[in-house]
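Numbers for residues simply follow the sequence, beginning at 1. Quick caveat: nothing in here was measured; it's all calculated off a predicted structure. Atoms within each ligand, like the ligands themselves, are counted from 1 in listed order.
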Amino acid sequence: MDVQSSSATNGAASSVQTPIIELIDGKYYPSGSHHNTEREIPSEFKCIKEGTATVIYSKDTEAFYNKVQVFNRDTSTLVIKMFNDIRKEEKLNPPQKKRQQKQQAKQQQQESTTTTATNTSEQQASEQQTQPPQPKQQSNDQMDTSDDKKPTYEGIRILEALSATGLRSIRYWHEIPNVKQIIANDLLPEAVEVIKRNVEFNNISDNSIIANQADAIVYMASNTDKAFDVVDLDPYGTAAPFIDGAIQSVDGNGGLLCVTCTDMAVLCGQQPGTCFAKYGSYPQKLKSCHEQGLRMLISSIQTCASKYKRYVVPVLSLSIDFYVRIFVRVYTSPEKVKTIYKQFGNVFVCSGCESYYYENLGGGSSASRKEYIHDHSIPKDNCPECGWRLKLSGPMWLGPIHDADFISKCLDHVQKNTHLFTTHKRIIGLLTAAKNELSDIPLYYYLDHVASVLKCNNIPMNVARSAILNAGYRVSGTHIKPNAIKTDAPMSFIYDMMKEWIKTHPVKQSVQPQSVQQQESTTSTTATTTATTTATTATTTTNSTPIHSDKKLTPGQVILSRPQKSQVSLEINQKALISSKHTGIPTYLPNPEENWGPGRRKTIHQSINASSSNNEDEETNTTNTNEESLSPQTKKQKHE
Ligand SMILES: C[S@@+](CC[C@H](N)C(=O)[O-])C[C@H]1O[C@@H](n2cnc3c(N)ncnc32)[C@H](O)[C@@H]1O
Ligand SMILES: [Zn+2]
């Protein structure tokens with residue numbers, strides 16, 4: 001049976017053409033379907049096209065269209081498209097089915113080689129015993145795996161919980177195959193009117209994209225019986241108040257949850273108290289604050305999911321411009337939830353040189369973290385490199401934040417279909433960088449920051465990557481910033497690498513520890529190869545850890561005063577050469593325009609001036625809102 005034709009889905013074509021739409025006598029029609037193709041949109045409206053969607057808006061509301069978010073919508077369309085492909089495969093060829101087929105083949109083989117019936121049945125019995133218990137299917141599962149019925153794929157249902165204009169939903173409908181239905185929800189009645197108008201304008205039936213007016217928190221919490229395959233949260237500010245409902249309303253058998261947060265000041269450590277209140281984690285102001293933010297958002301979602309015996313598997317987590325966007329699949333497993341703490345941990349951050357030391361909850365380590373956490377030997381108070389105190393950031397998700405196979409599928413698709421994605425260059429660049437990130441290294445270092453700690457010249461990226469690889473460690477970039485690295489090399493090695501670099505690019509005399517200067521003046525030895533005695537003796541404790549409190553030496557001076565322990569080769573390693581040859585597209589593209597940013601909500605969304613997304617630092621304007629439909633949180637905010 002042809003699965004797609006059997007289902008009442010949108011059946012979006014893989015090669016989509018931008019629809020041309022006409023307004024005739026107050027109704028919108030696809031071009032050519034009606035007599036007069038010359039007629040134009042009435043003078044009070046303007047029209048915007050993005051992807052396959054065309055939305056109209058009143059001319060009075062000049063700036064309502066947020067083109068900064070095109071990348072978000074392009075990437076989301078791509079990710080949900082790939083999710084749909086994978087889900088279809090999972091439904092049509094579920095693991096049980098595959099196992100059954102394997103078992104049958106094995107059985108047939110055995111029957112042909114076994115001489116007695118007794119032997120065969122014994123073997124079958126023992127095989128059955130060794131099969132792992134099968135996971136229980138969700139009540140809303142869309143497949144039937146019994147032998148006599150072929151599994152079918154009925155497509156996906158999507159909830160866009162905070163829809164604004166319907167633009168995103170319209171794109172999903174046109175551009176993603178197998179979409180069964182979309183609920184485009186918004187709190188504001190006027191927004192819902194806009195959604196309805198745009199759905200009609202794009203010639204989509206109101207049963208395919210249902211414009212719904214509700215407080216998303218209430219709606220999601222009360223729609224848990226028929227779970228959505230995809231739930232998309234794209235609020236202004238934080239998504240924190242919506243996470244609980246989203247976790248409950250997304251299918252716990254591998255459904256996809258897509259979350260945007262734009263409150264980067266909070267997630268990046270500017271307001272640690274607010275971050276703890278919203279996300280349950282205490283951040284520090286780190287150089288790698290954007291990844292810290294991503295990881296705190298994921299840990300917050302997982303903590304919420306755990307209450308419902310669910311766990312998340314991140315497939316793609318991006319920090320872009322002024323926001324984060326993450327995609328996680330959600331599964332139900334009471335057993336797994338009990339061990340999910342292993343993916344969580346704290347980061348101890350040096351207040352002097354910003355070295356990071358990781359500690360997973362419950363202990364455990366990866367090769368990269370072995371040095372400090374294998375036996376819980378996190379430095380207790382001070383940084384082993386510079387002696388300054390450690391600060392704590394956490395807890396946060398320390399597990400992988402992407403699925404490299406999933407990203408490869410996305411890349412493959414977008415590379416073959418660049419015409420479908422306005423921002424395809426940026427998507428390819430960022431996704432390639434994300435795919436290549438070391439998945440077991442939580443945070444990144446800026447090489448220029450490392451150099452600034454030591455007050456030396458910057459080490460070129462390729463030289464640093466070579467040195468790390470030459471020493472047998474791993475290194476990658478990050479999608480977040482071009483001049484940052486992730487590595488499993490310990491900081492002691494990174495500083496040794498810098499000492500080697502300084503041999504040929506000396507630190508200015510004025511910033512060197514006094515002892516180094518003295519020694520340099522009497523010997524021809526370079527700064528880094530001299531183990532200084534004066535400075536170290538004056539500032540060390542019994543375990544040779546300098547105490548920063550005497551403030552005699554800067555972190556960099558303490559580091560440079562110590563002898564280099566590792567052999568470092570700065571010779572260029574071919575594997576370290578970063579190139580965009582394979583895509584022909586640079587990884588990091590500059591912002592498309594000056595002053596690229598979120599804009600102020602009022603200007604972006606004047607036409608349907610949004611209500612609070614429970615963000616105290618944003619204006620609220622919830623007039624005309626049916627108060628009964630509000631969640632307690634929203635009501636409270638409204639009256640504050
Ligand atoms: C950033 S806009 C959404 C943009 C849209 N997803 C897109 O891609 O074009 C946020 C929307 O959330 C709506 N909103 C705020 N609080 C809400 C709530 N509690 N329930 C439902 N919608 C809400 C606002 O009215 C606003 O239209
Ligand atoms: Zn330090």
Colleague: Give the contacting part of F242 toward ligand 1: side chain, backbone, both or neither, where contact means a heavy-atom distance below 4.0 Å.
Modeller: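 Side chain only.
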Colleague: For ligand 1, indicate whether the residue A164 contacts it via side chain, backbone, both or neither (heavy-atom separation under 4.0 Å).
Modeller: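 For A164, backbone and side-chain atoms both sit under 4.0 Å from ligand 1.
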Colleague: For A214, take its heavy atoms, then give the atoms of ligand 1 lying under 4.0 Å from any of them.
Modeller: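 What qualifies from ligand 1 is 20 (N), 21 (C).
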Colleague: Check this for me, if you would: do D206 and K196 make a salt bridge, where the nitrogen-to-carboxylate-oxygen distance has to be below 4.0 angstrom?
Modeller: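 K196 and D206: not salt-bridged.
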Colleague: What orientation do Y446 and Y444 show, parallel under 30°, tilted 30 to 60°, or perpendicular over 60°?
Modeller: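 Ring orientation, 0 to 90° scale: perpendicular.
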Colleague: Within the side chain of K499, is there an N or O that forms a donor-acceptor pair under 3.5 Å with the backbone of I559?
Modeller: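 Looks like yes, one N/O pair under 3.5 Å.
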Colleague: Within the structure, does L162 bring an N/O atom to less than 3.5 angstrom of an N/O atom in ligand 1?
Modeller: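 Right, the criterion is met.
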Colleague: What about the rings of F493 and Y473, do their centers lie closer together than 6.0 Å?
Modeller: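 Aromatic pair counts; centres sit under 6.0 Å.
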Colleague: Looking at K455, is its backbone amide N or carbonyl O close enough to the side chain of S452 to form a donor-acceptor pair, meaning the two atoms are under 3.5 Å apart?
Modeller: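 Checking the backbone N and O of K455 against the side chain of S452, no donor-acceptor pair under 3.5 Å is found.
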Colleague: Can you confirm, on distance only, whether ligand 1 has an N/O atom lying under 3.5 Å from any N/O atom belonging to R168?
Modeller: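 In this structure, R168 places an N or O atom under 3.5 Å from an N or O of ligand 1.
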Colleague: So that I can tick it off, tell me whether D448 and K287 are bridged by a salt bridge, with the cut-off set at under 4.0 angstrom between side-chain N and carboxylate O.
Modeller: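 Result for this pair is no, no salt bridge flagged.
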Colleague: For the 3.5 Å polar cut-off, considering only N or O atoms, please tell me whether N185 and ligand 1 meet it.
Modeller: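 So ligand 1 has no N or O lying under 3.5 Å from an N or O of N185.
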Colleague: Can any side-chain N or O of N212 pair as donor or acceptor with the backbone N or O of I183 at less than 3.5 Å?
Modeller: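 Not a single qualifying donor-acceptor pair exists.
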Colleague: Cut-off 3.5 Å, side chains only: do E385 and Y495 have a donor facing an acceptor?
Modeller: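 There is no such pair (donor and acceptor under 3.5 Å, judged by atom type) between the side chains of E385 and Y495.
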Colleague: With a cut-off of 4.0 Å, which atoms of ligand 1 are near a heavy atom of L187?
Modeller: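 That gives atoms 17 (C), 18 (C), 20 (N), 21 (C), 22 (N), 23 (C) of ligand 1.
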Colleague: Based purely on interatomic distance, does L188 place a nitrogen or oxygen under 3.5 Å from a nitrogen or oxygen of ligand 1?
Modeller: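 In fact, backbone or side chain, L188 has no N or O that close.
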Colleague: Working to 10°, measure the angle at the Zn ion (ligand 2) formed by atom SG of C383 and atom SG of C386.
Modeller: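 Rounding to the nearest 10 degrees gives 120°.
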Colleague: Is the closest heavy atom of S163 to ligand 1 under 4.0 Å?
Modeller: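 For ligand 1, residue contact (heavy atoms, under 4.0 Å) with S163 is present.
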Colleague: Looking at ligand 1, does Q69 have a heavy atom less than 4.0 Å from it?
Modeller: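 It does not, in that no heavy atom of Q69 comes within the 4.0 Å cut-off of ligand 1.
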Colleague: Going through the distances and angles, do E160 and S163 end up as a side chain to side chain donor-acceptor pair (under 3.5 Å)?
Modeller: CA-CA 6 Å; E160 192 195 0; S163 182; 2.8 Å; yes
Colleague: Quick one: does T165 get an N or O within less than 3.5 Å of an N or O on ligand 1?
Modeller: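 It does not: no N or O of T165 is found under 3.5 Å from an N or O of ligand 1.
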Colleague: For ligand 1, which atoms, with element, lie under 4.0 Å from some heavy atom of D215?
Modeller: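 Listed by number with element, the hits are 18 (C), 19 (N), 20 (N).
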